[in-house]
Amino acid sequence: MTNYWYDGQLIQSSTIQLNIDDPGLLYGATVFTTLRVYHNCLDSSLTNWNSHCDRLKFSLQAFGWETPHWQRLRQGAELIKESFPILRITLFPDGREWITGRLLPATLTETQKYGIEALVSAPEYNRSLPVHKTGNYLSAWLSRNIAINTNAQEAILVDGSGNWLETSTGNLWGWRDGSWWTPPLEGGILPGVVRNQLIAWLTSHNQPVTEEPWTEEIVKSFETLAYSNSVVQVIPIHTVVTAAKKLEYNPQHPSLQLLRQMFVSH
């Protein structure tokens, strides 16, 4: 059993009790954010607590859901972070909060150094309501499981035209022509917290960031490829398997240091 926080209480259990007509259970009607706690401090600039809360507030306002008790939510996060460096904060439509914790991936250092393989998913696996991080994450979960069953570690989601959007768990980055590229929000992707941090970091250091659709021709031209999220920071992608061929990228490209530098400069 492990500890989690639910509706104002610290609970030690491996199960949670929900009503059988709870919309979170029936329809995935929740919003969530996953954050990594740096220096055991929610207020660390890398933890970026406020941005994660802003993401939740944005979705709550868009959906017209109840506002949670933010002070109570913070209290729960403070307790759970004492045991876990990664927190998943989930909110229900009626304002209930649910906070769980987990450890960093055991292979994180290895994948940060050597990279991973990714599989391009079919268009039907792109996420619903992509600018919101909702509990209905079935398409991304399925696409990643399909990738894992082919010995890849991630899935790349695409739109109806085949443009690359994001991975099943993060935002995409590609390097070409002396610039980092990332798919635009208008294409239907999650505005990731780390994505926003990296764009601000690169811009402040006079490094241009190009946000244009990732067409078939563009993805072929990248020298290196990576994805980012709040847990893993930046992971290179050395191989992408498409329906027609394999694309190879350099996981040791020196430009990756531009992204990684943000995590060691704070």
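For the residue pair His253/Ser255, the side-chain donor-acceptor check at 3.5 Å is satisfied. No hydrogens or angles considered: a donor-acceptor pair under 3.5 Å links the side chains of Glu97 and Trp5. A donor atom on one side chain and an acceptor atom on the other are not found under 3.5 Å apart for Thr100 and Arg88.
With a 4.5 Å cut-off on side-chain heavy atoms, Pro251 and Tyr114 do not count as touching.
Here Glu154 contributes atom CD and Leu157 contributes atom CG; the two are 8.5 Å apart, rounded to the nearest 0.5 Å. Taken to the nearest 0.5 Å, the CD atom of Gln153 stands 9.5 Å off from the OG1 atom of Thr239. Interatomic distance, Glu117 CD to Ile237 CD1, rounded to the nearest 0.5 Å: 10.5 Å.
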Review point. Should Arg195 and Glu211 be marked as a salt bridge (charged side-chain N to carboxylate O under 4.0 Å, His left out) after you check the CA-CA gap, both sets of side-chain angles, and the distance that decides it?
Key: CA-CA 12 Å; Arg195 178 185 185 274; Glu211 298 181 68; 2.7 Å; yes
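Applying the side chain to side chain donor-acceptor pair (under 3.5 Å) test to every pair with at least one member in residues 25-38, sequence neighbours left out, gives these pairs: Thr33-His52, Thr33-Arg55, Tyr38-Gln233. Residues in residues 136-169 take part in these ring-ring contact (aromatic ring centres under 6.0 Å, His included) pairs, two or more places apart or across chains: Phe32-Tyr137. Residue pairs meeting the side chain to side chain donor-acceptor pair (under 3.5 Å) criterion with at least one member in residues 143-152, sequence neighbours excluded, do not occur.
Taking all atoms of both residues into account, the shortest heavy-atom contact from Ser179 to Thr210 is OG-OG1, 3.3 Å.
Under the 4.5 Å side-chain heavy-atom criterion for ILVMFWY residues, no single connected hydrophobic cluster contains both Leu35 and Val193.
Under a 4.5 Å side-chain heavy-atom cut-off, the cluster of Ile, Leu, Val, Met, Phe, Trp and Tyr residues that includes Val131 is completed by Phe58. Residues Leu165, Leu185 make up the rest of the hydrophobic cluster containing Ile189, defined by ILVMFWY side-chain heavy atoms closer than 4.5 Å, directly or through other members.
Cation-pi geometry between Arg260 and Phe263 is not satisfied (NZ or CZ under 6.0 Å from the ring centre, within 45° of the ring normal).
We find that Glu66 and Arg96 are not joined by a salt bridge, their nearest charged nitrogen and carboxylate oxygen being 4.0 Å or further apart.
Checking each of Leu202, Thr224, Val194 against Leu259 for a side chain to side chain contact (heavy atoms under 4.5 Å, CB included) leaves exactly one that passes, namely Leu202.
Under the side-chain hydrogen bond (donor to acceptor under 3.5 Å, both in side chains) criterion, Asn163 pairs with Asp159, sequence neighbours left out.
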